[in-house]
Amino acid sequence: MQKTWHIIADANSFYASVEKVFRPELRDKPVVVLSNNDGIIVALSPEAKAIGLKRGDAYHLIKDLAQKHDTQFFSSNFILYYDFSRRIEQIIRRNFEHVEKYSIDEMFITYYSSLNVNDLRKILSKVRQEILDETKIKVSFGAAPTKTLAKVMNQYSKKDNRYNGVSILHDMSKLKTALEKFFVGDVWGIGRQSTKKLETYNIRTAWEFSQRNDAWIRKNFNITGLRTAKELRGVPVVQIGDITESKQSILCSRSFPKAIENVDDIRAALADFVEEVGEKLRKQQSVCRNVSVFVVTAAPKHRIHGDSFWTQVELPYFANDTITLTRSAMIGLQLLLKPGVKYKKAGVTVTNLIPETNLQFNLWQDTSKILKFRTLYKKIDFVNTSVGYVRLGVQNPDNAVHAFRQNLKSPNYTTDIRQVPKIDMDKPLKDSD
DNA sequence: TCTGGGGTCCTAGGACCC
DNA sequence: TCTGGGGTCCTAGGACCC
């Protein structure tokens, strides 16, 4: 009989594993990847977890301790990680028909099959080995009748080496056992707030949560919580959007390495962010109607976070050219900035997106100007992706005070010919090379 | 000196309509 | 004494994910 399997493929400690690929001498060492500006930990190898480091720890606070354990730090190198993500995706797609990319290191597979559990295990193990051979990245598989249960099984396969990276829930009589040992806060869809609330009801395991009645769950955790509970019971209800589909909003924001007070510097930073957003918008062939701008002030001494201020500007027409977007963003920014205040972060979001082809004009609009901008930016995008560097006057590329601090970045080994790993031809090759 | 960034979905409440 | 009812759309903010 044909069965529907939901399978999640998830790369282990993805960013840290990618960094290790090119630095084999770090194989058994703690490796940590830092956020932009080398601020906090965003990924860590198992060895780094073992010495007590956690995702979210501030670099400057754990640096000394970590270095005692010979930890290697890296600034994040997204070009490199995206390239590996793409390679892994290709291998999965050549093996399975229904694949949804869920994040940079996760893919959901829907698999319709009458295979028995052992044959399914063989297939997943084979694909896992292909990925390991071709990219040197370890991927874990979890398979179950629902996506949420697949994520549960995936965690089991990651935590326990005996699974060899493949864990399948095929026998629903084993469901209770699997969920009774599973902390409710680790369930996909149950975050910090819900975990806290569940604690007050004395609910600690995924099993206890799943056994509550629908009305109670709906009341306390709304429709999302109810969906999670149903999935835990084995009823598939969760749908996800593939991240490769068109986005509904596009955001670019950045913390500054140093707080900025100068208005022109903030404007230049925001203009850069708008440009990035515009490029992404045009790449997915959308136009937007709203541009939101936000700024975050530098935090007072006794606080970690500053205050954040936000405003939204409606464009006169749906647009995706950087000139129109920048003009509106600057109007928004002007409303937010106060003299004498230092800012730590700024960002811009475009919302209310529709496909470019749906673009409608008002009767009284000067459409020739709008179309001129669109054509202009097709050309600018071409120039910028090939040889050139076309920017608006408000941007200030030679003096970007908001440039990242990235002191620990690895080379773009796989995407930049000048940065490919070099082999020293004077040294004799060993078998291990 | 120093603590990412980029998304999605849901809901309550307000505005507005008849 | 008593102060409609029902519907839609939009928005801000919260919770969650990686």
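Reminder, nothing fancy here: chain letters follow the sequence lines and each chain counts from 1.
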Using atom types as modelled, flag every donor-acceptor pair under 3.5 Å from a side chain in residues 17-30 of chain A to any protein atom, sequence neighbours excluded.
{"unit_1": "A:Ser17", "atom_1": "OG", "unit_2": "A:Asn12", "atom_2": "O", "d": "2.6"}
{"unit_1": "A:Ser17", "atom_1": "OG", "unit_2": "A:Ser13", "atom_2": "O", "d": "2.9"}
{"unit_1": "A:Glu19", "atom_1": "OE1", "unit_2": "A:Ser410", "atom_2": "OG", "d": "2.8"}
{"unit_1": "A:Glu19", "atom_1": "OE2", "unit_2": "A:Tyr81", "atom_2": "OH", "d": "2.7"}
{"unit_1": "A:Glu19", "atom_1": "OE2", "unit_2": "A:Ser410", "atom_2": "OG", "d": "3.1"}
{"unit_1": "A:Lys20", "atom_1": "NZ", "unit_2": "A:Arg27", "atom_2": "O", "d": "2.8"}
{"unit_1": "A:Lys20", "atom_1": "NZ", "unit_2": "A:Lys29", "atom_2": "O", "d": "3.2"}
{"unit_1": "A:Lys20", "atom_1": "NZ", "unit_2": "A:Glu47", "atom_2": "OE1", "d": "2.9"}
{"unit_1": "A:Arg23", "atom_1": "NE", "unit_2": "A:Glu25", "atom_2": "OE2", "d": "2.7"}
{"unit_1": "A:Arg23", "atom_1": "NH2", "unit_2": "A:Glu25", "atom_2": "OE2", "d": "3.2"}

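- No contact: A:Lys258 has no heavy atom under 4.0 Å from any strand.
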**Message:** Run the ring pair (Phe, Tyr, Trp, His ring centres under 6.0 Å) test on A:Tyr201 and A:Trp216 for me, step by step, so that the C-alpha distance in whole Å, both residues' side-chain angles and the decisive distance to 0.1 Å come before the verdict.
**Reply:** CA-CA 12 Å; A:Tyr201 292 106; A:Trp216 183 85; 4.9 Å; yes
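- At a threshold of 4.5 Å between non-hydrogen side-chain atoms, the residues A:Arg227 and A:Glu231 do not count as touching.
- Using a 4.0 Å cutoff on non-hydrogen atoms, no part of residues 79-91 of chain A comes near DNA chain C.
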**Under the 3.5 Å Watson-Crick or G-U criterion, the dot-bracket string of DNA chain B, with | for inter-strand pairs** = ....||||||||||||||
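- For A:Lys338, the side chain to side chain contact (heavy atoms under 4.5 Å, CB included) test picks out A:Phe309, A:Val341, A:Tyr343, with sequence neighbours left out.
- Interface residues of residues 191-226 of chain A facing DNA chain C, ordered by number: A:Gly191, A:Arg192, A:Gln193, A:Ser194; criterion, heavy-atom separation under 4.0 Å.
- Among all heavy-atom pairs drawn from A:Val296 and A:Ser308, the shortest one is CG2-CB, 3.7 Å.
- Nearest heavy atom pair, residue A:Val99 against residue A:Met107, reads CG1-CG, 3.9 Å.
- Residue pairs meeting the ring-ring contact (aromatic ring centres under 6.0 Å, His included) criterion with at least one partner in residues 28-59 of chain A, sequence neighbours excluded, are A:Tyr59-A:Phe73.
- When the nearest nucleotides of DNA chain B are assigned to A:His60 and A:Arg227 by heavy-atom distance, the more 5′-ward of the two goes with A:His60.
- Remark: A:Lys409 fails to qualify as a cation-pi partner of A:Phe74 under the 6.0 Å distance and 45° angle criteria applied to the six-membered ring.
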**Request:** In sequence, state the C-alpha distance, the side-chain angles, and the governing distance for A:Phe182 and A:Trp188, and then conclude on ring pair (Phe, Tyr, Trp, His ring centres under 6.0 Å).
**Result:** CA-CA 11 Å; A:Phe182 203 84; A:Trp188 186 48; over 10 Å; no
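- Between A:Thr322 and the choices A:Gln395, A:Glu275, A:Arg282, the side-chain hydrogen bond (donor to acceptor under 3.5 Å, both in side chains) rule is met once, by A:Arg282.
- The stretch residues 45-59 of chain A comes close to DNA chain B through A:Arg55, A:Ala58, each having a heavy atom under 4.0 Å from the strand.
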**Audit row: A:Tyr112, A:His98, ring pair (Phe, Tyr, Trp, His ring centres under 6.0 Å) steps and yes/no** = CA-CA 9 Å; A:Tyr112 310 96; A:His98 307 285; 5.3 Å; yes
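- Nucleotides C:dC18 and B:dC2, compared at atom P, are 31 Å apart to the nearest Å.
- Judged as a salt bridge (charged side-chain N to carboxylate O under 4.0 Å, His left out), and not counting sequence neighbours, the contacts of A:Asp416 are A:Arg418.
- Using a 4.5 Å cut-off on side-chain heavy atoms (C-beta onward), A:Lys345 and A:Arg254 make no contact.
- Among the protein residues, A:Lys63 comes within range of no part of the nucleic acid, since none of its heavy atoms lies under 4.0 Å from any strand.
- A 4.5 Å side-chain heavy-atom check between A:Ile380 and A:Leu376 finds at least one atom pair inside the cut-off.
- A 4.5 Å side-chain heavy-atom check between A:Thr228 and A:Val187 finds at least one atom pair inside the cut-off.
- Less than 4.0 Å separates DNA chain B from at least one heavy atom of each of the following residues of residues 232-256 of chain A: A:Lys247, A:Gln248, A:Ser249, A:Ile250, A:Leu251, A:Cys252, A:Ser253, A:Arg254, A:Ser255.
- Nearest approach of A:Ala329 to A:Val274, heavy atoms of both residues: CB-CG2, 3.7 Å.
- In C:dG4 the base sits anti relative to the sugar, since the glycosidic angle is further than 90° from 0.
- Residues A:Ala215 and A:Asn213 come closest through the heavy atom pair N-OD1, 3.1 Å.
- A cation-pi contact, defined as under 6.0 Å to the ring centre and within 45° of the axis, is absent between A:Lys344 and A:Phe256.
- Listed by residue number, there are no residues of residues 135-157 of chain A with a heavy-atom contact under 4.0 Å to DNA chain B.
- Residues passing the ring-ring contact (aromatic ring centres under 6.0 Å, His included) test with A:Phe96, sequence neighbours excluded: A:Tyr111.
- Of all nucleotides in DNA chain B having an atom under 4.0 Å from a heavy atom of chain A, the first and last in 5' to 3' order are B:dC2 to B:dT11.
- A 6.0 Å sphere centred on NZ of A:Lys138 holds no more than 12 heavy atoms belonging to other residues, nucleotides or ligands.
- Nucleic acid contact for A:Val187: sugar-phosphate only, since backbone atoms but no base atoms lie under 4.0 Å from a heavy atom of the residue.
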